[in-house]
Amino acid sequence: MATAVKQEEPNSPHPDGAENVVVRFAGDSGDGMQLTGGQFTLSTALAGNDLATFPDFPAEIRAPQGTLFGVSAFQINFGSRAIETAGDQPDVLIAMNPAALKTNVQAVRAGGLVIADEGEFGKRNLDKAHYETNPLEDGSLAKWQLLKLNISQLTLDAVKPFGLGNKEALRCKNMWTLGLALWMFERDREPIIQWLKSKFAKLPDIAEANIAALNAGHAYGETAEISGDGLGGGHITPHKVDRAPADAGTYRTVTGAESLSLGLVAGAQLAGLPMFFGGYPITPASAILHHLSRLKEFGVTTFQAEDEIAAICAAIGASYAGLLGITSSSGPGIALKGEAMGLAIMTELPLVIVNSQRGGPSTGLPTKTEQSDLYQAVYGRNGDAPMPVIAARSPEDAFYCAIEAVRIAVQYMTPVMLLTDGYIANAAEPWKIPDVDTLERFPVSFMTEKPDDGPLLPYSRDENLKRPWIKPGTQGLMHRIGGIEKGVDTGHIEYGPANHQTMTEIRRDKILGVADSIGDQDLAYGKAGAKLAVVGWGSTYGPIHQAVARAGAAGEDVAHVHIRNIWPLPKNLGELLKSFDRIIVPEMNTGQLKTILRDQYLVDAKPVNKVSGQPFTIAEIAAVIEENLS
Amino acid sequence: MNEMTKITTTLKDWETDQEVRWCPGCGDYAILKAVQRTMPDLGADPSNTVFISGIGCSSRFPYYMETYGFHTIHGRAPAVATGVKLANPELDVWIITGDGDALSIGGNHTMHLLRRNLDCQLMLFNNEIYGLTKGQYSPTSRQGTNSPSTPYGSVDRPASPCAFALGAGARFVARGIDIHKGLPDVLKAAHAHKGTSFIEIFQNCIVYNKDVFEEFAAKKTAADTQLHLVNGEPMLFSKGEKGITLNRKTLQLEVVDVVDGDWAAADVIVHDVTNRSVAHMLIEMQFGEFPMALGVLYDDPRPTFEAAVVAQNAAAAAGKKPDLQALLNKGQTWTVTEDGPEL
């Protein structure tokens, strides 16, 4: 979901009227495809289109050039209506070498346009991509419209006046390609030129060479004989996609990692607390550490710890001392933090734990997306260790989910897990920047004095079952906390059987009570009592919503429920789920939310699973909806 | 330690109402008393003091100190302490740990705490055994230690806590004995040092490793088996009849006889706590051939971690307003009006 204010009728899968267009840039890791995609995204936003993106890059930093596993791709879906996914099938693929062609061309819709840099299709690169014959010559691409351009040579010609070495000159290929793409969609080059000037402010020659390449790519489109009768027809004509309707306001593009970081800063400000962020490098979570480490003026202390365990333990220590402690990781790191989460639960200290999920188990697929840490989030600790879990559904939503996680953490003195994933973390979408004055404040207060009528009780409770937050350094309120079971009220070591029963129940009830503060589950589409409900969570929001809306527009009785508060679940959810004839639960795992829903409500939730490291397509969800309605 | 206002307290002010649950005769009692006795001398403020521990017998310590206390999880006290101190550098932070806690499961955190030089006191109660889990050999147990997990004797070589500390970059390394009357002086020196003060305390586990340090801890033979280091004083023991000197050919320490108290003639080394090379040698002295070096082995402060973090945060924030709206609006934005988007 991005700039569009209202949901118009859903996209047709092959939009030759170009209500939306899906473009994928693919090249070698060193070809700058992510950069190209990022700038194309900005120009798309400025053209007024709604959009969603999907960067897909290899785990290797510099994979050997030209190899299949070194391909880096960036897909963008943009259109004149609400765009909620990065698109099922590209209409246009720009392949910078044989490996990029090979790994991406099968995704392109039949009849789509494939632009290939034929300058890179020499024997050496063909061998590396395991092509026996040149696909540009052997007719194997007949299913698509093929446009062969020697982008390498055209770039070299364009940047010749700047006297760069061959290698440096070729690095401008991506700007040439972007120039061509800008021409194809009638975009303004000026913002990109300004960006290049500021990016290479200290290297004016490089800036000018890149601008020349950009202009040359654009000019090539204008002058060369590549025009024809439209995207669907054969060649290229420049094609302007209309603006999507959007709320008035100020926008920027954000990735999930950015918006989540901003949300954490906002949450800390709304709570009136300085923030302590303990992190350890891990893909795809590191971006949050990077963002926050530049925001010292917001009272942010970042600490790159020696390991994942130290990262969370330091955050717990900071929370103990009165700061908002936050830690962040991905599945393997979250696993390491498990024992410390239990400590935060036992000592009842506020803490936000961000999990940017990736493919697992173990090292799994570090750069690919998955939703397979739900069990880990809800259940993955020793003992009865209840903890609120919130899942963001999009980059925009991540901002608000981060604020919500902070609110729950401080209002209930509990660790909270905030789930995002590799897709949300890296995907960019336009974001209507909120007016900070409209964000609700939730200032925290610390206990600073002993109660008048009795002794200090560090584990006494308020109406939310929250215990007081007492900072060390406060005069006269010395007390001891720890991971050993504590006596009711006093917090002293207490092993008694009745006490453990009582404390376990208090910890459970406190977290279940969070449901009082989260509101009812709403419907993202359709009505209660529908014949079929598609229930999702996290980054599957886009494809589910599009597929459900498509079915709904076709007259089907189908609803979409998207759960943000995974634990505790909204209080009305059971009743809502029981109102539907059938429930399907698409997830990028083997059925984890499905298990929770079955367990909590005894409903016949049917799993729909995909664990390929790639997000669901709309078509995949649509097919399952159809199957379940027949 | 911090430049804090000195507070007047007595030993009683540092005792909690909690029943102490160590085994009768455990060396931990003596250490607890030594600490409770030292705190008033330091002028320390219980409200501003935090004891942070890991897991193990030693780590129950915070429950018995009338201060702020955090009994954390196994091996992680240094990490928790780092967060506490970065959050509030004014707090006086003490870490209580053991040989298994600090050098085995928490070895990584101990190393990085020392490397970073967080201002705190780390007291490592070394009893060369896992007591709370009923007697398995530990990373400091001597080779051949018989234990429930090593019924045929342990085969791995022990870690040397002080050598580990110095190797990790410690700027203060000291050794003490649980029941030794000199322990409070070591604690005072540790507290006076700004930065991580690493204190290894030989602690007698009465149940699982009784008297393992007896050969140098026993009072009767102490004069001949203990070398008490005092800054600026010659390294003498055996009532001044013996001393430590450096063999300039082998570059090794040696024991020399001191005739008629003339230690200078015997070339006995004068202890300089800032001499890192000599500190290494003192730590490496093998007991038997040499006495056990006790007291402050090394003390040479340098800037602390939290001071550097605070300074950098302040410098990075200087002149910048924490304007959340401006932060959200940062970067390439565009405005949507009825006429469409514009930069």
Side-chain angles (χ1 to χ4, degrees), chain A residues 3 42 45-48 191 195 243 246-253 262 265-266 269 276 278 295-299 301 303 305-307 309-310 313-318 320-323 325 339-340 343 347 433-436 471-484 492-493, chain B residues 16 18 21 46-53 55 62-63 65-76 78-88 90-91 108-109 111-112 309 312-314 316-317 320-322 324-325 327-338 340-343:
Chain A
T3 58
L42 176 73
L46 290 174
W195 172 78
R243 284 202 275 129
D247 273 339
T250 303
Y251 289 80
R252 64 185 277 192
T253 58
L262 294 171
V265 172
Q269 299 268 310
F276 178 94
L295 301 177
K296 311 286 191 207
E297 67 271 27
F298 290 90
T301 297
F303 172 58
E306 58 270 26
D307 61 27
I309 299 171
C313 285
I316 290 171
Y320 171 60
L323 268 54
E339 187 192 12
L343 179 68
T347 51
I433 301 167
D435 175 354
V436 297
K471 287 192 270 196
T474 307
Q475 274 302 316
L477 299 190
M478 293 82 74
H479 65 284
R480 275 63 55 191
I481 62 171
I484 292 188
H492 294 325
I493 290 188
Chain B
T16 61
Q18 296 292 292
R21 301 192 193 195
S47 293
N48 201 51
T49 305
V50 191
F51 277 81
I52 301 170
S53 63
I55 292 292
Y63 291 110
M65 290 297 298
E66 187 54 37
T67 63
Y68 286 92
F70 199 164
H71 181 205
T72 71
I73 45 179
H74 206 10
R76 319 302 171 200
V80 174
T82 301
V84 169
K85 190 77 182 177
L86 287 177
N88 183 358
E90 298 306 310
L91 293 171
N108 193 34
H109 308 306
M111 172 169 84
H112 291 281
V309 170
Q312 190 180 64
N313 283 356
K320 293 184 197 163
K321 271 200 349 212
L324 184 59
Q325 191 70 60
L327 174 67
L328 302 189
N329 286 50
K330 217 170 154 186
Q332 291 173 309
T333 62
W334 65 97
T335 303
V336 172
T337 64
E338 278 179 15
E342 53 193 46
L343 269 181

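Keep in mind it's a predicted model, so treat the numbers as computed, not measured. Naming: A, B, ... by sequence-line order, numbering from 1 per chain.
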- Task: Sort A/L46 into side chain, backbone, both or neither according to what part of it lies under 4.5 angstrom from a heavy atom of chain B.
- Result: both

- Task: State, with a plain yes or no, whether a side-chain heavy atom of A/I493 is found less than 4.5 Å away from one of B/Y63.
- Result: yes

- Message: For A/Y320, which atoms come within 4.5 Å of any heavy atom of chain B: side chain, backbone, both, or neither?
- Response: side chain

- Could you go through the side-chain contact (heavy atoms from CB on, under 4.5 Å) check for A/I484 and B/H71 one step at a time? CA-CA 8 Å; A/I484 292 188; B/H71 181 205; 3.4 Å; yes

- Message: Distance check, rounded to the nearest 0.5 Å: A/F303 atom CZ versus B/T82 atom OG1?
- Response: 5.0 Å

- Task: Return the set of residues passing salt bridge (Lys or Arg N to Asp or Glu O under 4.0 Å) with A/E339 (not counting sequence neighbours), or none when no residue passes.
- Result: none

- Message: When you measure from the side chain of B/S47 to the backbone of A/G476, do you find a donor-acceptor pair of N or O atoms at a distance under 3.5 Å?
- Response: yes

- Side-chain contact, heavy-atom cut-off 4.5 Å: B/Q325 with A/I433? yes

- B/Q332 versus A/R252: any side-chain heavy-atom pair under 4.5 Å? no

- Task: Compare all side-chain heavy atoms of B/L328 with those of A/P434 and state whether any distance is below 4.5 angstrom.
- Result: yes

- Under a 4.5 Å heavy-atom cut-off, does chain B meet the side chain of A/A315, its backbone, both or neither? neither

- Within a strict 4.5 Å, meaning less than it, do heavy atoms of the B/W334 and A/T253 side chains meet? yes

- Any idea which of B/A317, B/A87, B/G69 has the most non-hydrogen atom pairs under 4.5 angstrom with chain A? B/G69

- Hey, are the side chains of B/V336 and A/Y251 touching, using non-hydrogen atoms and a 4.5 Å cut-off? yes

- Item | Modelled atom types, side-chain donor and acceptor of B/N313 and A/T301, under 3.5 Å | yes

- Message: Is A/Q475 close to chain B through its backbone or its side chain, or both, or neither, when contacts mean heavy atoms under 4.5 Å?
- Response: both

- Item | Side chain / backbone / both / neither for A/A45 at chain B, heavy atoms under 4.5 Å | both

- Item | Winner by heavy-atom pair count (cut-off under 4.5 Å) against chain B, out of A/D435, A/T474, A/T347, A/L295 | A/T474

- Rounded to the nearest 0.5 angstrom, the NZ-CG distance for A/K471 and B/N88 is 8.0 Å

- Query: Picking from A/G249, A/G278, A/G483, which has the most non-hydrogen pairs under 4.5 angstrom with chain B?
  - Reply: A/G249

- Nearest heavy-atom pair of A/A47 and B/P341: which atoms, and what distance? C-CG, 4.0 Å

- Message: Can you tell me which portion of B/L86 sits under 4.5 Å from chain A's heavy atoms? Options are side chain, backbone, both or neither.
- Response: side chain

- Task: Any chance you could lay out the side-chain contact (heavy atoms from CB on, under 4.5 Å) test for B/F70 and A/L343, step after step, and finish with the verdict?
- Result: CA-CA 11 Å; B/F70 199 164; A/L343 179 68; 4.1 Å; yes

- Item | Selection from B/H112, B/E338, B/K321 maximising heavy-atom pairs under 4.5 Å formed with chain A | B/H112

- Query: Do B/H109 and A/E306 touch side chain to side chain, with heavy atoms closer than 4.5 Å?
  - Reply: yes

- Note on the structure: chain A shares the most heavy-atom pairs under 4.5 Å, among B/T337, B/I52, B/T72, with B/T72

- Item | A/P472 to B/V50 - nearest heavy-atom pair and separation | CB-CG2, 3.7 Å

- Note on the structure: Separation between CE (A/M478) and OG1 (B/T16), nearest 0.5 Å, reads 11.0 Å

- Item | Heavy-atom closest contact (A/A310 atom, B/A79 atom, distance) | CA-CB, 3.6 Å

- Item | Where B/N48 and A/G473 come nearest, the two heavy atoms and their spacing | OD1-CA, 4.1 Å

- Query: Can you find a pair of side-chain heavy atoms, one from B/R76 and one from A/I309, that are under 4.5 Å apart?
  - Reply: yes

- What is the distance from atom CE of B/M65 to atom CZ of A/R480, rounded to the nearest 0.5 Å? 9.5 Å

